[in-house]
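To start, the structure under review is shown below, and the notes come after it.
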Amino acid sequence: QVQLVESGGALVQAGGSLRLSCAASGRTVSFYTMGWFRQDPGKEREFVTSISWSGAVVYYADSVKGGFTISRDNAKNTVYLQMNGLKPEDTALYYCAAGRAGRSERVATDYDYWGQGTQVTVSP
């Protein structure tokens, strides 16, 4: 089993930056694809970004390209999401997820493990 714990969410003004972290425990996630998703109440969970186990392959949703950067430190079993130029529409609960390689990185149901989420709120 893998346990994921997100941190770093906060209230920030538009244009500001945040860095989210996702710490894994229970077993190594070094060979897992890691992803970040977000969800607003009443809406479906939305893909934000993903990173392959080696860090060589990353994907971003069009809505966050150029502003968000995903990275990972396998030695620390941790994944990061640097968010710059935040907008009010980025407000959501952000989830970290781990999935076995070879599955669709953008599909939430293809991930095996999920954290509880960390709230990001961007004020105008």
Side-chain angles (χ1 to χ4, degrees):
Q1 289 292 326
V2 174
Q3 292 80 44
L4 302 174
V5 178
E6 304 94 337
S7 62
L11 171 63
V12 64
Q13 287 188 333
S17 298
L18 284 175
R19 188 194 196 203
L20 305 184
S21 298
C22 172
S25 62
R27 62 187 296 181
T28 180
V29 292
S30 299
F31 298 104
Y32 281 77
T33 293
M34 300 299 294
W36 286 96
F37 289 74
R38 63 188 183 187
Q39 188 170 22
D40 262 343
K43 295 184 180 180
E44 290 191 0
R45 196 163 293 189
E46 175 191 21
F47 170 78
V48 176
T49 179
S50 66
I51 187 167
S52 63
W53 68 272
S54 67
V57 180
V58 296
Y59 296 106
Y60 294 97
D62 288 342
S63 57
V64 305
K65 279 181 182 176
F68 289 15
T69 303
I70 189 172
S71 61
R72 67 189 298 164
D73 185 338
N74 287 338
K76 295 183 178 179
N77 236 15
T78 301
V79 179
Y80 305 97
L81 179 61
Q82 178 67 43
M83 305 186 294
N84 298 327
L86 283 162
K87 307 170 186 176
E89 51 264 43
D90 293 318
T91 294
L93 189 60
Y94 282 71
Y95 295 93
C96 172
R100 291 176 178 85
R103 298 180 180 178
S104 173
E105 293 86 354
R106 298 175 184 264
V107 178
T109 52
D110 275 3
Y111 286 80
D112 301 296
Y113 304 102
W114 291 84
Q116 294 299 307
T118 185
Q119 179 66 40
V120 172
T121 303
V122 184
S123 62

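Just so it is clear, the structure is predicted and the values come from calculations on it, not from any experiment.
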Discussion item. Evaluate Y80 against I70 for side-chain contact (heavy atoms from CB on, under 4.5 Å), listing each step before the verdict.
Written reply: CA-CA 6 Å; Y80 305 97; I70 189 172; over 6 Å; no
Practice prompt. Over all heavy atoms of both residues, which pair between R72 and Y32 is shortest? Give the atoms and the distance, please.
Written response: NH1-O, 2.8 Å
Worksheet item: Do R45 and W114 meet the cation-pi criteria used here (NZ or CZ under 6.0 Å from the six-membered ring centre, within 45° of the axis)?
Response: yes
Worksheet item: Quick check: are there more than 12 heavy atoms from other residues, nucleotides or ligands sitting under 6.0 Å from CD of Q13?
Response: no
Fill in: Shared hydrophobic cluster for V79 and Y113 (ILVMFWY, side-chain gaps under 4.5 Å)
yes
Worksheet item: Quick check: are there more than 12 heavy atoms from other residues, nucleotides or ligands sitting under 6.0 Å from OH of Y60?
Response: yes
Item to complete: Check whether L18 and L81 end up in the same hydrophobic cluster, where Ile, Leu, Val, Met, Phe, Trp and Tyr are linked by side-chain heavy atoms less than 4.5 Å apart.
Response: yes
Practice prompt. For the pair K87 and D90, find out whether any cationic side-chain nitrogen is under 4.0 Å from an anionic carboxylate oxygen.
Written response: no
Discussion item. One pair to check against side chain to side chain donor-acceptor pair (under 3.5 Å): S17 and N84. What are the steps and the verdict?
Written reply: CA-CA 4 Å; S17 298; N84 298 327; 2.9 Å; yes
Item to complete: Check step by step if side-chain contact (heavy atoms from CB on, under 4.5 Å) holds for F31 and N74.
Response: CA-CA 9 Å; F31 298 104; N74 287 338; over 6 Å; no
Worksheet item: Can you tell me if S63 uses its side chain to pair, donor with acceptor, with the backbone of A61 under 3.5 Å?
Response: no
Worksheet item: What's the shortest heavy-atom distance between S30 and T28, and which atoms?
Response: OG-OG1, 2.7 Å
Worksheet item: Of the non-hydrogen atoms in R27 and Q1, which two are nearest, and what is the gap between them?
Response: CG-O, 3.4 Å
Fill in: Among R106, R38, Q39, the one residue meeting side chain to side chain donor-acceptor pair (under 3.5 Å) with E46
R38
Worksheet item: Can you check side-chain contact (heavy atoms from CB on, under 4.5 Å) on E6 and L20, steps first, answer last?
Response: CA-CA 7 Å; E6 304 94 337; L20 305 184; over 6 Å; no
Discussion item. Checking Y95 against F37 for the ring-ring contact (aromatic ring centres under 6.0 Å, His included) test, could you report, in this order, the C-alpha distance in whole Å, the side-chain angles of both residues, the deciding distance, and whether it holds?
Written reply: CA-CA 5 Å; Y95 295 93; F37 289 74; 8.7 Å; no
Worksheet item: Distance from S50 atom OG to R103 atom CZ, nearest 0.5 Å?
Response: 14.0 Å
Worksheet item: Is the CD atom of Q116 crowded by more than 12 outside heavy atoms at less than 6.0 Å?
Response: no
Discussion item. Please tell me whether W36 and V2 are part of a single hydrophobic cluster in this structure, the criterion being side-chain heavy atoms less than 4.5 Å apart.
Written reply: yes
Discussion item. Using a strict threshold of under 4.0 Å (side-chain N to carboxylate O), is an ion pair present between R100 and D110?
Written reply: no
Discussion item. Keeping S52 on the side-chain end and T33 on the backbone end, is there a donor-acceptor pair under 3.5 Å?
Written reply: no
Item to complete: Kindly compute the distance separating CE (M34) from OG1 (T78), expressed to the nearest 0.5 Å.
Response: 9.0 Å
Worksheet entry | Nearest atoms (heavy-atom pairs only) where G8 meets T118 | N-OG1, 4.0 Å
Item to complete: Any chance you could lay out the side-chain contact (heavy atoms from CB on, under 4.5 Å) test for Y94 and M83, step after step, and finish with the verdict?
Response: CA-CA 12 Å; Y94 282 71; M83 305 186 294; 3.9 Å; yes
Worksheet item: Taking all atoms of both residues into account, what is the closest heavy-atom pair of L4 and A24, and its distance?
Response: CD2-CB, 3.6 Å
Worksheet entry | Hphob cluster co-occupancy, V12 + V48, side-chain heavy atoms under 4.5 angstrom | yes
Response to the item:
For Q3 and G26, the nearest pair of non-hydrogen atoms, with its separation, is OE1-CA, 3.5 Å
Discussion item. With clusters defined by side-chain heavy atoms of hydrophobic residues (ILVMFWY) lying less than 4.5 Å apart, directly or transitively, does V57 cluster with W53?
Written reply: no
